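Inspection log for the structure reproduced underneath, given as structure tokens.
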Amino acid sequence: TVTYSTLLHGYCCEGKVFEANNVLHEMMMNNCFPNNYTCNILLHSLWKRGKISEAEELLQKMNERGYGLDTVTCNIIIDGLCNGGKLDKAIEIANGMWIHGSAALGNPGNSFIGLVDDSNNGKKCIPDLITYSTIISGLCKAGRLDEAKKKFIEMMGKNLQPDSFVYDTFIHSFCKEGKISSAFRVLKDMEKKGCNKSLQTYNSLILGLGSKNQIFEIYGLMDEMRERGVSPNVCTYNNIIRCLCDGAKFQDATSILDEMLQKGISPNIASFRMLIKAFCKAGDFRVAQELFEIAL
RNA sequence: CGCAUUGUCCUCUGAA
């Protein structure tokens, strides 16, 4: 079952629905039965692909057949609701989990009717770090930073220790709003708690510094990354390119592109879009066209 | 008992 579920996960990630179905069939043929993990994988995949009603059906079936809906199940739904703009419903469910466990999914007026009354083997599923992280991320994306902070405090009150995901979410949000000093304040707190800067931490900081044209600080961070063995990825470079383009440092921007190619980090659409736009704006259509051709 | 599933970074219909 573990093996098949792992395979299934692989196919689902790639969006290979047909192959995924084959795995499921083969699994049953060999008398391996789907469990929580398997169902969660399917549920997540359906939701990500926008098949919400099918996902809901699956949820019903899981419920009826006594697969325990667990915290992961709830987190998948909560994440789906956040991304679907139903943030408040997501928050409501997360709150409800403290009392009703997974039955909170079936609570007031959503489409998940009549879910388990959570006598799930006597242990009910309660919100975890990921639940909070999901909600906080949703609030941040919606620009509701104050509420996000409240959730953060609430989380600490439940004895859940924030990890770098949660910190990164705040740092990113501040950087995006250009509130660099707030971002660095969070960073300080993060490091005090023993979390090291992650790749995304660096990327967010670079994005933020870039919006203030603090190029030297950016290069400083790049050096630090190198020292600490954190390898930049496409996003890192794209953030730098954005900053250089905004500052009209076009040749610097193209040398970043060269550096990427040299390091074997493939530029993506975002990289080329920014560069081409910059050169067009500068009236240098020749280079713009060259870039276009490289992109192809 | 252990192994598989969930959360954070670049991509704006860049037009005035």
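Side chains are part of it too, since the values below use all heavy atoms of this structure and drop only hydrogens, waters and symmetry mates. Owing to the predicted nature of the structure, the values given are computational and were not obtained by experimental measurement. A, B, ... follow the sequence lines: proteins, then strands. Residue 1 opens every chain.
- Residue side chain A:Asn35 reaches the base of B:A4 through a donor-acceptor N/O pair under 3.5 Å, judged by distance alone.
- B:G14 and B:C10 have their C1' atoms separated by 16 Å, with the value rounded to a whole Å.
- If you take CZ of A:Phe279 and P of B:G14, they are 21 Å apart, rounded to a whole angstrom.
- Salt bridge A:Lys151/A:Glu147: absent, no basic N to carboxylate O contact under 4.0 Å.
- Here the side chain of A:Thr169 is nearest to one of B:U8, B:A4, B:U6, namely B:U8.
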Write down the protein N/O and nucleotide N/O pairs, taken from nucleotides 9-11 of chain B, whose separation is under 3.5 Å; answer none if there are no such pairs.
{"unit_1": "B:C9", "atom_1": "O3'", "unit_2": "A:His172", "atom_2": "NE2", "d": "2.8"}
{"unit_1": "B:C9", "atom_1": "O2", "unit_2": "A:Gln200", "atom_2": "OE1", "d": "3.4"}
{"unit_1": "B:C9", "atom_1": "O2", "unit_2": "A:Asn203", "atom_2": "ND2", "d": "2.3"}
{"unit_1": "B:C9", "atom_1": "N3", "unit_2": "A:Gln200", "atom_2": "OE1", "d": "3.2"}
{"unit_1": "B:C10", "atom_1": "OP1", "unit_2": "A:His172", "atom_2": "NE2", "d": "3.1"}
{"unit_1": "B:C10", "atom_1": "OP1", "unit_2": "A:Lys176", "atom_2": "NZ", "d": "2.7"}
{"unit_1": "B:C10", "atom_1": "O4'", "unit_2": "A:Asn239", "atom_2": "OD1", "d": "3.4"}
{"unit_1": "B:C10", "atom_1": "O2", "unit_2": "A:Asn238", "atom_2": "ND2", "d": "2.3"}
{"unit_1": "B:C10", "atom_1": "N3", "unit_2": "A:Asn268", "atom_2": "ND2", "d": "3.4"}
{"unit_1": "B:U11", "atom_1": "OP1", "unit_2": "A:Arg242", "atom_2": "NH2", "d": "3.3"}

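- Aromatic ring orientation, A:Phe170 versus A:Phe152: perpendicular (interplanar angle above 60°, classes split at 30° and 60°).
- With respect to the salt-bridge test (charged N to carboxylate O, under 4.0 angstrom), the residues A:Asp88 and A:Arg144 qualify.
- When rounded to the nearest whole Å, the span between CE of A:Met27 and C1' of B:A4 equals 10 Å.
- Rounding to whole angstrom units, NZ of residue A:Lys281 and C1' of B:G14 are separated by 6 Å.
- Rounded to a whole Å, the CG atom of A:Leu46 is 18 Å from the P atom of B:U5.
- One can find a donor-acceptor pair under 3.5 Å joining the base of B:G7 and the side-chain atoms of A:Ser133.
- A side-chain N or O of A:Asp128 and one of A:Thr131 form a donor-acceptor pair less than 3.5 Å apart.
- Taking atom CG of A:Asn40 as the reference point, atom P of B:U5 lies 11 Å away to the nearest angstrom.
- No hydrogens or angles considered: nothing links the side chains of A:Asn35 and A:Thr1 as a donor-acceptor pair under 3.5 Å.
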Only distances under 3.5 Å count here; give the side-chain donor-acceptor pairs of residues 280-296 of chain A to other protein atoms, sequence neighbours excluded, each with its distance to 0.1 Å.
{"unit_1": "A:Asp284", "atom_1": "OD1", "unit_2": "A:Val287", "atom_2": "N", "d": "3.4"}
{"unit_1": "A:Arg286", "atom_1": "NH1", "unit_2": "A:Glu290", "atom_2": "OE2", "d": "2.7"}

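- If you measure from atom CG of A:Leu42 to atom P of B:U6, you get 13 Å, rounded to the nearest angstrom.
- Here the P atom of nucleotide B:C3 and the NE2 atom of A:His9 are 16 Å apart, to the nearest Å.
- For the pair A:Asp163 CG and B:U8 P, the interatomic distance rounds to 12 Å; values are reported in whole Å.
- Partners of A:Glu259 according to the salt bridge (Lys or Arg N to Asp or Glu O under 4.0 Å) rule, which considers only residues two or more places apart in sequence or in another chain, are A:Lys263.
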